[in-house]
Amino acid sequence: MMNEVSVLQNGLKALAAAALCSTSSIALAQDAQSPAAEEQAASNEIVVTAQRRAEPLQKVPISITAYDSEGLARSQITDTRALAVATPGLQVAGSFQFSKPVFAIRGISFKSFNATDQQAVGVYQDEVYIAARSGQLSQMYDLESVEVLRGPQGILYGKNTTGGAINLNSKQPGYDLEGQVTARVGNLSLKGVEAGVTLPLNDQAAVRLAGTFERRHGAEFNEFVGERTYGYRNYAGRAILRYDVSEAVTVTANVHAANTRANPNYYYSRGLIPTGNGKLGDINGYVASDDFFTIASDLVDERERIRQNGAILRIEVELDAVDIVSVSAFDRTKYSLWEDTDASGADIATVDYNDLSRQFSQELRMASTDGGPLSWLAGLYVFDEKLKAANITTFFGGTSDQNYTQNTTDYAAFGQLTYDVTDRLSLIAGARYTYEEKSIEFLTIDDGVYDFSGFPVTLVDDYTKRTFKAPTYKLGVNFQMEPTKLLYASYNRGFKTGGFNGTVFVPGEFTTVNPEYVNAYEAGFKSTWLDRAIIFNLAGFYNDFSDLQVFNFVDGIVPVTQVVNAASARTYGVETDLTLRPVRAITLALAGTWLNAKITDVEIQNLAFLEGNRLPLAPKLNLTGSAQYEFDISNTSTLTPRVEAIYNSRQYLDNNQDLLASQGRHTIVNAFLRYEQEDAGLVVSAFLKNAFETEYLNESFPFPPIGAYLTKHGEPRTYGVSVTKNF
C-alpha cells in the first residue's frame with residue numbers, strides 16, 4: 001500500500017524533522033481594526049479575526065494556523081487537500097473528488113457522504129457558514145487569508161461545531177488600482193489561470209473582480225476502457241463592490257458563482273476472495289491491477305458536477321463606542337454524481353446522486369470599541385436551508401429511488417465578555433443559545449433491490465420533524481506575562497446539532513440522531529523571542545464527548561447505513577509549532593500534533609465492538625516541517641528554494657479500527673523554487689508535490705456483497721510552473 005522510502009526521502013525527512021514549519025502570516029481581515037491591531041500589522045505580525053475582531057494572532061487565546069495570500073502561494077495551496085497536507089492536526093478525506101469533503105481536527109470528524117449530515121468542522125466563506133458540503137470549496141481562490149481554528153466553535157460562529165472551523169477570506173477592494181494574474185501549467189496536462197483586480201470607481205466606491213479557471217487530465221488509468229480518469233475542469237468568478245456611504249457606514253456586496261465538471265476519483269477494488277492463482281479478487285473473479293493508479297470500471301462516463309452561486313451583503317456602522325455589523329447571505333449549490341460503486345468491469349452496483357441546497361442566513365452583531373477594561377460582543381443569527389435530493393441506486397439489475405426534502409431553520413443569540421482585571425490578567429465569558437427546527441420527508445421506491453415482486457413498490461413514505469435546542473458557553477483566563485508571551489486556559493461547552501439519516505432503503509433506516517456534546521478544555525502558551533527570530537506556541541487539550549454521532553455501514557444483502565448516537569469518546573493531545581529565523585534569509589519550521597482519540601463507551605448493542613477503537617482520521621502523530629533559504633540575486637530580486645515534509649502515523653478511515661480500512665504511516669515531500677523580481681512585480685515558481693509518489697489512501701471501507709474493500713487513492717506526484725504578475 002505504501003512504497004518503501006528511499007534514502008533520499010529519509011534524508012529529507014531528517015531535514016524536515018530538524019526544520020520548523022511557519023504558520024504563515026495573515027493579512028488584516030474585514031472588520032475595522034483597533035489601533036493595537038494596526039500597530040501589529042505595521043510590524044508584519046499576524047492578525048486574525050477568529051474572535052470576530054482583528055487581533056494579533058499571538059494574543060488570541062485559541063490554537064490557530066493561519067495563512068496569508070503569500071503563504072498560500074508559497075506552498076501552492078489551491079485546494080483543501082493541499083491545505084490539509086500543510087496544516088498540522090487537519091485531515092481531509094471523502095469518497096469524491098470535489099464534493100462532500102470530510103474534515104477532521106484533533107481527531108473529530110463525521111465520516112459520511114450523506115448530504116443531510118452536518119460535519120464536525122464548519123467551513124466559512126467571508127463570514128458565512130456554507131451548509132452544502134459540495135459547495136464549500138468553490139470559492140477557494142483570490143484569497144486574502146485562510147484560518148484553521150481548532151476546538152469547538154460554539155459561541156461566535158454561525159453554526160455550532162465540535163471539531164473546529166475553517167475560515168476562507170476573499171481579497172477585498174481598496175482604493176488603489178492593483179491586481180495580479182497567475183498562470184499555471186503542469187503534468188497531467190494541468191493548465192490554469194487565476195486573476196484579480198481592484199478598480200477604484202470614485203472616492204467612495206471600488207470593486208474587486210476575480211476569477212479562476214483550471215483543468216487537468218486524469219491521474220488514474222481505467223484499464224477496462226483504456227482511458228484516463230480523475231480529471232477536472234473548474235470555473236469560478238466573484239465580484240465584490242465596496243461603497244463608503246459615509247465615514248461611519250460601509251456597504252460591501254459580494255456576488256459569486258462556480259462550476260465544476262469532473263471525472264471523479266474512481267473506487268479501486270481490493271478483493272478478498274482467493275482466485276486460485278495466488279491472488280485475491282471479488283465475487284466475479286476480478287483482480288485489481290498491481291499499479292496503484294490503475295482502476296477498472298465499465299462506467300466510462302462517471303461524472304461529478306457542481307454548480308454554485310451566491311451573494312453576500314455586509315453593512316458595517318462605526319459609532320462612537322460600538323461597531324455594528326450585518327451580514328446577509330444567500331447560497332445555492334446543485335450537485336450531481338454518478339459512480340461505479342462496485343469498482344470493476346461488471347455491472348453490479350451504481351449510485352446516481354443529485355441534490356440541491358438553497359440557504360439564507362442573517363447575522364447581526366455589535367462589538368464595543370471604547371477601549372475600556374470591559375470589551376464585549378453580542379449578536380443574533382438566523383439560518384434557513386432547504387435541501388432536496390433524488391438518489392438512484394442500482395444493484396444486480398434492481399433499482400431503488402430515494403427522494404427527500406429536508407428543511408432546517410436555526411435561531412441563535414450569542415455574546416462574549418472580556419474583562420481586563422489588570423493590564424496582564426483578563427477573564428473571558430461567552431454564551432450562545434441555539435434553537436433549531438429540522439424536518440425531513442422521505443420517499444423510497446424499490447424495484448428489485450429489496451423487493452422482488454417484479455414491479456415498483458413504495459418501501460418508505462414518511463415524514464418527521466424534530467427540534468434541537470441547547471445552550472453553549474465558554475470560560476477563559478489570559479495572562480500576558482509580557483508583551484510577547486501569553487498564557488491562556490479555557491473551557492468550552494460545545495454541541496453539534498442532530499439530524500436524520502440520508503440513505504434510507506427500508507423503513508428501519510429512517511432514523512433521527514440527537515445532538516453531540518463536548519466539554520473541551522485547552523491550555524496554551526504563545527511566545528515570540530528575539531524580535532520575532534523565534535516564534536514558539538504550545539497547546540494542550542482534553543475533549544470529553546457524549547452522545548457521539550456515528551455513521552456506520554451495516555452488513556446485509558445490500559449494505560445499509562445507520563446514523564446513531566452510539567458512544568462517548570475522549571480526545572487529548574499536544575500541539576506545538578516553532579519557527580526559527582537565525583538570519584534574515586533562513587526560515588526553518590516544525591509543527592506537530594500528538595493525539596490520543598478513542599471511543600470510550602458504546603451504548604448500542606450491535607456497535608459494542610467499537611468500544612476502545614481509535615476515532616477515524618486521527619493519527620497519533622502528525623508532523624509538518626519546512627526549510628527555506630532566500631538568496632539575494634540583486635537589490636530587487638530573490639531566489640528561494642523551499643522543501644516541506646509531512647508525516648502521518650497510521651490512521652483509520654472508519655470507526656471499526658479495521659487494518660484494511662486504514663492508511664499506514666507515510667511521508668509526503670514537497671519542493672518549491674521561487675524567483676521574485678520585486679520592481680517588476682514578477683514571481684515565477686516551480687513546484688513538485690509528493691516528490692516520491694508516496695501511495696496513500698483517502699477512503700477505504702468493506703463492501704461484502706462483492707467480496708472486496710473499496711478504496712480511494714491520494715494524489716500522485718504532480719509538478720509544474722506558475723507565473724504571477726502583480727500590478
Side-chain angles (χ1 to χ4, degrees), residues 95 112-117 224 266-267 269-275 280-287 296-303 336-355 388-406 440-464 500-512 551-564 604-607 654 656 701-710:
S95 296
S112 83
F113 50 78
N114 290 334
T116 52
D117 298 328
F224 188 81
Y266 279 67
Y267 283 117
S269 175
R270 194 187 314 168
L272 299 174
I273 301 172
T275 60
L280 299 177
D282 64 13
I283 58 172
N284 291 318
Y286 167 70
V287 177
S297 173
D298 61 313
L299 193 60
V300 296
D301 55 350
E302 184 168 336
R303 69 173 187 274
S336 172
L337 183 136
W338 191 17
E339 71 168 22
D340 183 10
T341 308
D342 59 83
S344 73
D347 185 11
I348 298 175
T350 65
V351 181
D352 189 356
Y353 296 96
N354 297 274
D355 55 63
K388 297 178 69 70
N391 304 326
I392 302 173
T393 299
T394 66
F395 191 72
F396 284 107
T399 63
S400 176
D401 293 5
Q402 302 163 45
N403 297 269
Y404 62 82
T405 299
Q406 177 176 277
I440 191 168
E441 184 175 7
F442 217 111
L443 175 66
T444 299
I445 300 175
D446 187 274
D447 187 6
V449 176
Y450 276 96
D451 184 270
F452 303 100
S453 60
F455 53 88
V457 174
T458 298
L459 293 186
V460 180
D461 186 359
D462 211 339
Y463 170 86
T464 189
F500 312 108
N501 187 3
T503 305
V504 179
F505 287 91
V506 293
E509 294 178 90
F510 190 65
T511 57
T512 300
F551 175 90
N552 199 63
F553 282 98
V554 180
D555 293 347
I557 299 174
V558 179
V560 297
T561 63
Q562 62 180 157
V563 182
V564 292
I604 297 179
Q605 185 173 358
N606 74 324
L607 294 177
D654 67 6
N656 300 321
F701 60 89
F703 195 43
I706 65 171
Y709 274 71
L710 302 181

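Position 1 is the first residue of the sequence; numbering continues from there.
- Between S112 and N114, the side chains place no donor N or O within less than 3.5 Å of an acceptor N or O (distance only, hydrogens not considered).
- Between L607 and V564 the shortest side-chain heavy-atom distance falls below 4.5 Å.
- For P456, the side chain to side chain contact (heavy atoms under 4.5 Å, CB included) partners two or more places apart in sequence, or in a different chain, are I445, D447.
- Y463 places none of its side-chain heavy atoms less than 4.5 Å from the side chain of I440.
- In this structure D282 satisfies the side-chain hydrogen bond (donor to acceptor under 3.5 Å, both in side chains) test with no other residue, sequence neighbours excluded.
- Looking only at distances, no side-chain donor or acceptor of D462 sits under 3.5 Å from a matching main-chain atom of F442.
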Would Y404 and F500 count as a ring-ring contact (aromatic ring centres under 6.0 Å, His included) if you check the C-alpha gap in whole Å, the side-chain angles of each, and the deciding distance to 0.1 Å?
-> CA-CA 11 Å; Y404 62 82; F500 312 108; 9.7 Å; no
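- With sequence neighbours excluded, no residue satisfies side-chain hydrogen bond (donor to acceptor under 3.5 Å, both in side chains) with T464.
- The two atoms that bring P702 and D654 nearest to each other are CD-OD2, 4.2 Å, heavy atoms only.
- Judged by distance alone, with hydrogens and angles left aside, the side-chain atoms of E302 form a donor-acceptor pair with the main-chain N or O of D340 at under 3.5 Å.
- Under the side-chain hydrogen bond (donor to acceptor under 3.5 Å, both in side chains) criterion, D352 pairs with R303, N354, not counting sequence neighbours.
- Residues forming a side-chain hydrogen bond (donor to acceptor under 3.5 Å, both in side chains) with D446 (at least two apart in sequence, or on another chain): none.
- Without hydrogens or angle criteria, Y709 side chain to L272 main chain gives no donor-acceptor distance under 3.5 Å.
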Candidate pair T275 and V287, rule side chain to side chain contact (heavy atoms under 4.5 Å, CB included), full reasoning | CA-CA 8 Å; T275 60; V287 177; 3.7 Å; yes
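- The structure places CG of D461 at 10.5 Å from CG of N403, a figure rounded to the nearest 0.5 Å.
- For Y267 and F701, the ring centers are positioned less than 6.0 Å apart.
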Take F224 and Y286 through the test ring-ring contact (aromatic ring centres under 6.0 Å, His included) and record every step on the way to the result.
-> CA-CA 11 Å; F224 188 81; Y286 167 70; 8.7 Å; no
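- Once rounded to the nearest 0.5 Å, the distance linking CD of E509 with CD of Q402 reads 7.5 Å.
- Here the closest heavy-atom approach between residue V460 and residue V506 is recorded as CG2-C, 3.5 Å.
- Checking side-chain atoms of S344 against main-chain N and O of A346 turns up a donor-acceptor pair under 3.5 Å.
- Atom-to-atom distance recorded for T405:OG1 and D355:CG is 11.5 Å, nearest 0.5 angstrom.
- Remark: Y353 pairs with F96 by the ring pair (Phe, Tyr, Trp, His ring centres under 6.0 Å) rule, at least two apart or across chains.
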Just do the side chain to side chain contact (heavy atoms under 4.5 Å, CB included) check on T116 and N501 with the steps written out, would you?
-> CA-CA 7 Å; T116 52; N501 187 3; 5.8 Å; no
Report the C-alpha distance between T350 and T341 in whole Å, list the side-chain angles of each, state the deciding distance to 0.1 Å, and finish with yes or no for side chain to side chain donor-acceptor pair (under 3.5 Å).
-> CA-CA 5 Å; T350 65; T341 308; over 6 Å; no
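- With 3.5 Å as the limit, one finds a donor-acceptor pair spanning the side chains of S453 and D451.
- Checked by atom type and distance alone, the side chain of T444 pairs as donor or acceptor with a backbone atom of V504 at under 3.5 Å.
- Nearest heavy atoms, L710 versus D342: CD2-O, 4.2 Å.
- The heavy-atom pair separating A708 from S269 by the smallest distance is CB-OG, 3.4 Å.
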